[in-house]
Amino acid sequence: MDNIKKSSILIVDDVASQRNILQHILSPLDITIIQASSGKDALGKVLNHDFAVILMDIEMPGMKGYEVVNLIHSNPRFKHIPIVMVTSNDNDSDALPKSYEAGAVDFVTKPVDDIILTKKVAQFITLDEHRRIAEDSTARLNILLNSVSEGILGIDLDGNITFANPKALELLAIDSENISAKLQDFLILHNQNTPETQDYKDSNCELIDLLTSSFHEASSLGKTNLKGSGNWQSLAGNIFHSNYSCDVTRELNGESNGEINGAVLTFKDTTQEKETEAKLLHLANFDYLTNIPNRAYFYDALNQSIIRVKRSNTTLAVMFLDIDHFKFINDQYGHDIGDLLLQNISQKLSHILREGDLISRMGGDEFAIILQDIPANINVLNVAQKILSSVSEPLELNSIKIEVSTSIGIAFYDPNSMNMDDLLKAADTAMYEAKSEGRNNFQFFAKEMQDKAEQSQRVQMLLSKAILNNELTVLYQPKISLLQKKMVGCEALIRWFPEEGDMLSPDVFIPIAEQTGQIIELGNWILNNVCQQISYWQTLPYFKGMVTAINVSVRQLGTSEFREKLVKAINKHGIKPEYVEIEVTETATFDDHKIFFSELEKIHALGVKISIDDFGTGHSSLDYLRKMPVDVIKIDRSFIKDIGKDVQDEELIRTILAISKTMSIQVIAEGVETVEQLTFLEENQVDDIQGYYFSEPIRAQAISDVLNNNDNLYKKQFELFENNKAIHVKSTQYCVVTPLTQAS
Ligand code: C2E
Ligand code: MG
Ligand code: MG
């Protein structure tokens, strides 16, 4: 009460001494005392002050006391002021009843008893203070109610609105004069436009529950406060999103908790916040380019699907898709076309999938699909087939004709053995399998794939340390000329002896290095190693321009880096480019044919020889011959192996030989192991031979020995060949077919 102004009282008496007596008696009280000498004077003072009590002399000349009381109380503004009449024995007998009638509340008699007067006035002062505090807080409350940005509603047990502050009136478009509405009328139960916000808390459901059935139970349930949100509609038809808080109110019942008699509801128009929140939510969950769910959303959804599958015992499959050669499309036609392609594919996928399935863009050119409740494998197969054929339909994007394909990995969820990561890994592994199976196909995950993937991961890790740890060596396999009957070249073949474990075959780690990109570092190491070796060999007496072949992965020829390194190595080690041959395998896939062919052209222009390795195993051998600057063709071991066993393979060898003769391309047969094979190859005029029959890959030192001594290391093999050949020719009736070139 410290901040409350002092109470004032008014003493009205025509006799100054009487007024002073009263003032003196009351002086111990902490109040302001004002005097009036007449009824008129009193009325003027009342107008300008707020009195806690008025002490009114009954008998005054002019206006009588009770007349003054009457006038004061006739004004509603002053009706609350208690008026105590001061009487004396000589007053008219009806003066006091008249005063009461006019609104006086009490009286004191002259001569006034000090104690009685002080006590009475003190009581009125206390009452006045309470009144003023109450008035003050009501005024504050009103200011608050009128100025807050939240709507405030009072409702009764039936939901009838009993009070609404100006903001509530505005939001609900209610007429302040006529608030005859129920809160229920404004609440929209279901929010059809935003399905993602359909949870219980965001649908007014709890509030409606409270208003209809459970209002009365609220207290027994201890549920006296409710916070929620939902869409509301004003009487003018305006729909807004409201965040509300509802507190039940109780009857004032002394100190104890009274009965619930309604509720106070504060609410706010949060439409804008909701829209911003929805936008942020969308950004966080959807891919900006394709507008389909992103990786984060996918993980959440998959988690939910797994929980559902565990509960309902249904099936769940995940598909991973990767667009084949997407990088090439981006590089060739620009990112705009790349983006359009991704949008196009995501639309196609969305059309193919059922409503309950989920498609997401995981990043780059990777998509993932969740297929739920699948009755049998066959359906997934159908979906995969549909996707393959839909994606591979030719497209026209910005007037550019484009044909793409996709590789799909499929994994089924096994609740007994998998968690989410395992499932994702399985689909990813199957996708890589589809890639290595030539792309444009789908593969189901199998355990062996996982083993392979895990081994691949191990190898990748170990390989990163192999160069530093000096675990790599190069062996050289001699190439023998059938005409000259001696070594005319060799092929560098890498060997890896990891610190722990057995030697690993390049057939195992080279494809992994190609996949991971480690082939670049590895390739550079081999290049330098071999060039250094050649620089030594060229100093030896019988070197005579021997050509050493280096295997180069297609991955290394995707940029100019390899060529630059090659030039550097040749210069650094002071060797002639003609001493170097690069063997390119046509089976490896690559994204940008243009760069690949132009790099080969430039390398060839340096004077370096180019050979096609494993010829006949790829898809477009003949096409390559036209496009590539080829010096040598290496017939793959798989054909040589079948000599004497498979007439078709023999025929193919003859065809390759015939074509290469017309194109003046040298031919070397790989993996020659037997006299029979050698006989066939000699008869068909193959230039050079490589294979275990003459030599396995050997250490560089062994090659150095040959170049130092000119010993015909392979004399024995040739003798054996000559002896056995005679027997062979006699025993097997070879039908020697004239090569195509001679025939035509
Ligand atoms: P490739 O280039 O076709 O090499 C020939 C492979 O056949 C070599 O296997 C060789 O040891 C093997 N070979 C040669 N003659 C015979 C034979 O008479 N019988 C049998 N059964 N095999 C024979 P290797 O050394 O295991 O290499 C396998 C593949 O790994 C190579 O095939 C090549 O593609 C790749 N590779 C090897 N070294 C390198 C390298 O330094 N860089 C790259 N990029 N790839 C390499
Ligand atoms: Mg090779
Ligand atoms: Mg080969």
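Numbering of ligands and ligand atoms starts at 1, following listing order. Quick caveat, the model's predicted, so the values are computed rather than measured. All values below were derived from every heavy atom in this structure, side-chain atoms included, with hydrogens, water molecules and symmetry-related copies excluded.
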For ligand 1, which atoms, with element, lie under 4.0 Å from some heavy atom of [X]?
X	answer
E673	17 (C), 18 (O), 19 (N), 20 (C), 21 (N)
R495	11 (O), 24 (P), 25 (O)
V672	18 (O)
G691	15 (N), 18 (O)
I526	40 (C), 41 (O), 42 (N)
D613	1 (P), 2 (O), 3 (O)

Problem set entry | Lys/Arg-Asp/Glu bridge criterion (N-O < 4.0 Å) met for K634, E670 |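 E670 and K634: salt-bridged.
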
Exercise. Are any of the side-chain nitrogens in E651 or R654 under 4.0 Å away from the carboxylate oxygens of its partner?
Worked result: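 Salt bridge: yes.
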
For this session: Classify the ring geometry between F444 and F412 as parallel (under 30°), tilted (30 to 60°) or perpendicular (over 60°).
Result: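 Rings of F444 and F412: parallel, under 30°.
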
Side chain, backbone, both or neither: which part of [X] has a heavy atom under 4.0 Å from ligand 1?
X	value
E696	neither
E491	side chain
L493	both

For residues 565-576, dump all side-chain donor-acceptor pairs below 3.5 Å to protein atoms at least two apart in sequence or in another chain.
residue: K565; atom: NZ; partner: E561; partner atom: OE2; Å: 3.1
residue: N571; atom: ND2; partner: V567; partner atom: O; Å: 3.3

Exercise. Purely on distance, is any nitrogen or oxygen of Q556 under 3.5 Å from one on ligand 1?
Worked result: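 Not met; the criterion fails.
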
Exercise. At the Mg ion (ligand 2), what is the angle formed between atom OE1 of E583 and atom OD1 of N551, rounded to the nearest 10°?
Worked result: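 It rounds to 90°.
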
Problem set entry | Vertex the Mg ion (ligand 2), arms to D613 OD2 and E491 OE2, rounded to 10° |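 With the Mg ion (ligand 2) as the vertex, the angle is close to 180°.
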
Exercise. Taking the minimum heavy-atom distance to atom 45 (N) of ligand 1, which of N551, V554, D507, D614 ranks first?
Worked result: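 Shortest heavy-atom distance from atom 45 (N) of ligand 1: N551.
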
Problem set entry | Best match, V552, I494, L472, I689: closest heavy atom to atom 39 (C) of ligand 1 |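 Checking each option, the heavy atom nearest atom 39 (C) of ligand 1 is found in I494.
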
Exercise. Between S360 and M362, is there a donor-acceptor pair closer than 3.5 Å when you use the side chain of the first and the backbone of the second?
Worked result: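 No, S360 side chain to M362 backbone: no donor-acceptor pair under 3.5 Å.
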
Exercise. Applying a strict 4.0 Å limit to heavy atoms, is Q690 in contact with ligand 1?
Worked result: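 No heavy atom of Q690 comes that close to ligand 1.
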
Exercise. When the aromatic ring centroids of W537 and Y476 are compared, is their separation below 6.0 Å?
Worked result: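 Under 6.0 Å, so yes.
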
Problem set entry | F718 ring center near F694 ring center (under 6.0 Å) |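 For F718 and F694, the ring centres are under 6.0 Å apart.
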
Problem set entry | All salt bridge (Lys or Arg N to Asp or Glu O under 4.0 Å) counterparts of E581, not counting sequence neighbours |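 Only K479 meet the salt bridge (Lys or Arg N to Asp or Glu O under 4.0 Å) criterion with E581.
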
Problem set entry | Residue that, paired with K327, satisfies side chain to side chain donor-acceptor pair (under 3.5 Å) out of N330, D331, D324 |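 When side chain to side chain donor-acceptor pair (under 3.5 Å) is applied between K327 and each of N330, D331, D324, only D331 qualifies.
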
For this session: Answer yes or no as to whether an N/O/S atom of E670 is found below 2.8 Å from the Mg ion (ligand 2).
Result: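 Coordinating: no.
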
For this session: Starting from the C-alpha separation in whole Å, work towards a yes-or-no answer on side-chain contact (heavy atoms from CB on, under 4.5 Å) for L463 and I512.
Result: CA-CA 9 Å; L463 194 57; I512 295 171; 5.7 Å; no

